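Below is one structure; the comments refer to it alone.
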Amino acid sequence: MSAPVALPRQEDAAAIGTRFDVGKVRSDFPILREFVHGRPLVYLDNAATSQKPEVVIDAVSNYYRHGNANIHRGVHLLSQRATEEFEAARAAVQSFLNARESREIVFVRGATEAINLVAQSYGRQQVGMGDEVLISAMEHHSNIVPWQILCEEKGATLRVVPINDAGELRMDELERLLSPRTKIVAVAHLSNALGSINPIQQIVGMAHARNIPVLVDGAQAVPHLPVDVQEMDCDFYVFSGHKIYGPTGIGVLYGKATLLEEMPPYQGGGDMISSVTFEKTIYNKVPHKFEAGTPDIAGVVGLGAAITYVNGLGLSAIAAHEHELLAYATDRIGALPGVRIVGTAKEKAGVLSFVLDGIHPHDVGTILDLEGIAVRTGHHCAQPVMDRFGIPATVRASFAVYNTLQEIDALAEGLEKVKEILG
Amino acid sequence: MADLREMYQEVILEHAKSPRNYRALEAPAVRAEGYNPLCGDRCTVYLTMRGDVIEDIGFQGSGCAISRASASMMTQSLKGKTAGEAEGLFKSFHQMVTGRNSHGDRPQLGKLEAFAGVSEFPARVKCATLAWHTLEAALHGEHVPVTTE
């Protein structure tokens, strides 16, 4: 039940020696000085959204105070500066994901919009009657519903790779479900409800052997694991800025240039065209073809600052720190009588989901809240995962770079109080 | 600071552990389904009406302590009431848990007063009202599951 989780990667073990100062990191996040119900905030809902460091808040604020102008269309100084900052953030994302070219980075509202973009553009072009889209049983609703909409429109079928009792993808079933009718595979890198890490390289290898492209939902993964899209060789990779210490409302679609080139636009409007007449419109080059309308420029600037911040700490060091938190929490919380951990995959990161015997997660959440502890309670936008484990909901503690072992002790003490009141 | 014991009163915890009228009623009872998509709580309410009067009432479902206790105490307080009286109770109950009436304005609530503390916890109002929303759907013969959203 509470077996120590394995390190995600060997190299992270080495990084433990080069740890950053968590106290210093905490001082970078102004919200961590807040009090909730008179108690110091213990924020363990990072899988829902992470908090923002001062450098991100300042970048957004400074953009509006000193640099605000529209991009890609002005000859005046501020517009040029805004354009440069916007494109510099694109280059930062490119390097962060190790994409081959910066034009492979498309800015969108978030991981959800990125998946909808691929489903509506690539999907509508490539998926037809009788075809299949293959997802997994641990997907967030945002990697289920866009494909359902597509399949319904096209008369295609959504197939689902099951998971085992530990919350790991059934690779034998994946192999079996890949068929000549499969037109795309869409799978989470890291499960938001269970914390399971999927073996993306292996999945991509199996799909590519049949010429099937793979979309990876990296919304949960990017703050916790180093990502190299060339090494993974995935065709699309999506994530949201707000889960990696950036602003809400901004996200990224990475797509291989060859695929993006062939895809039709997702939305029409300004900036996505190179010329418009009433007879014919010539679309702009990628990535601009997919960026209709004035984008969230401040959001992109903030995301750029967040990535710089994460790079400064180093993702390997972050992963090592969070691994220590998860291993400690798994032991500490898992040892409490009546606790059952949901999601015990060998490869795990960032997320501890659990249920308390006879006590509904919602009641747990309310009592913890009064102790200043923020956790998520519910189905985590992954109802099929809850159905798989035969539970309506879980309590989820999810970790970030600024969390401490003391905060996990506070969680354990809070759970003791829950049991005292409701047990 | 909101007080936990205000919401998790003994009577509520007791009903949550041993809910009353936790059973399905046979046809021709009316039945309605309620669902809270935010937390996944489900509630089914069964009603046997004689004319305008609630002759028997039962419920089943899964949910938190507040939603189970609320459903249990609702069924206890509604037996023998008319549909109109039930609607009146719901209105008064709803105003209480959203903090929009005062103790003196709701003499008819009786034991249901125990839920007054919910008004300090806005995130939990839907837990307390799920069974009541479902009851309303049953009274109106709605066959589509109601949700708290």
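Chain A is the first sequence line, chain B the second, and so forth, proteins listed ahead of strands; every chain is numbered from 1. Only this structure's heavy atoms are used, side chains among them; waters, hydrogens and symmetry mates stay out. Values in this document were obtained by computation on a predicted structure and should not be read as measured data.
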- Pick one of side chain, backbone, both or neither for L13(B), based on which atoms fall under 4.5 Å of a heavy atom in chain A. side chain
- Sorted by chain and number, sequence neighbours left out, ring pair (Phe, Tyr, Trp, His ring centres under 6.0 Å) with H242(A) holds for none
- Does the pair I367(A) and Y8(B) meet the rule for a side chain to side chain contact (heavy atoms under 4.5 Å, CB included), with working shown? CA-CA 10 Å; I367(A) 295 172; Y8(B) 291 109; 3.9 Å; yes
- Any chance you could measure L4(B), atom CG, to H37(A), atom NE2, to the nearest 0.5 Å? 9.0 Å
- Note on the structure: Listed by number, the residues in residues 71-108 of chain B that come under 4.5 Å of chain A (heavy atom to heavy atom) are none
- Distance-only, no hydrogens or angles: does the R42(B) side chain make a donor-acceptor pair with backbone N or O of P392(A) under 3.5 Å? no
- Query: Closest approach of H362(A) and C64(B), non-hydrogen atoms and distance?
  - Reply: CB-CB, 3.9 Å
- Item | Residue, of S67(B), G63(B), A123(B), C127(B), that accumulates the most heavy atom pairs under 4.5 Å with chain A | G63(B)
- Measure I359(A) against the heavy atoms of chain B and call it side chain, backbone, both or neither at under 4.5 Å. neither
- Message: Show the nearest heavy-atom pair for residues L422(A) and K17(B), with the distance to one decimal.
- Response: O-NZ, 3.8 Å
- Any chance you could measure M7(B), atom CE, to I421(A), atom CD1, to the nearest 0.5 Å? 9.5 Å
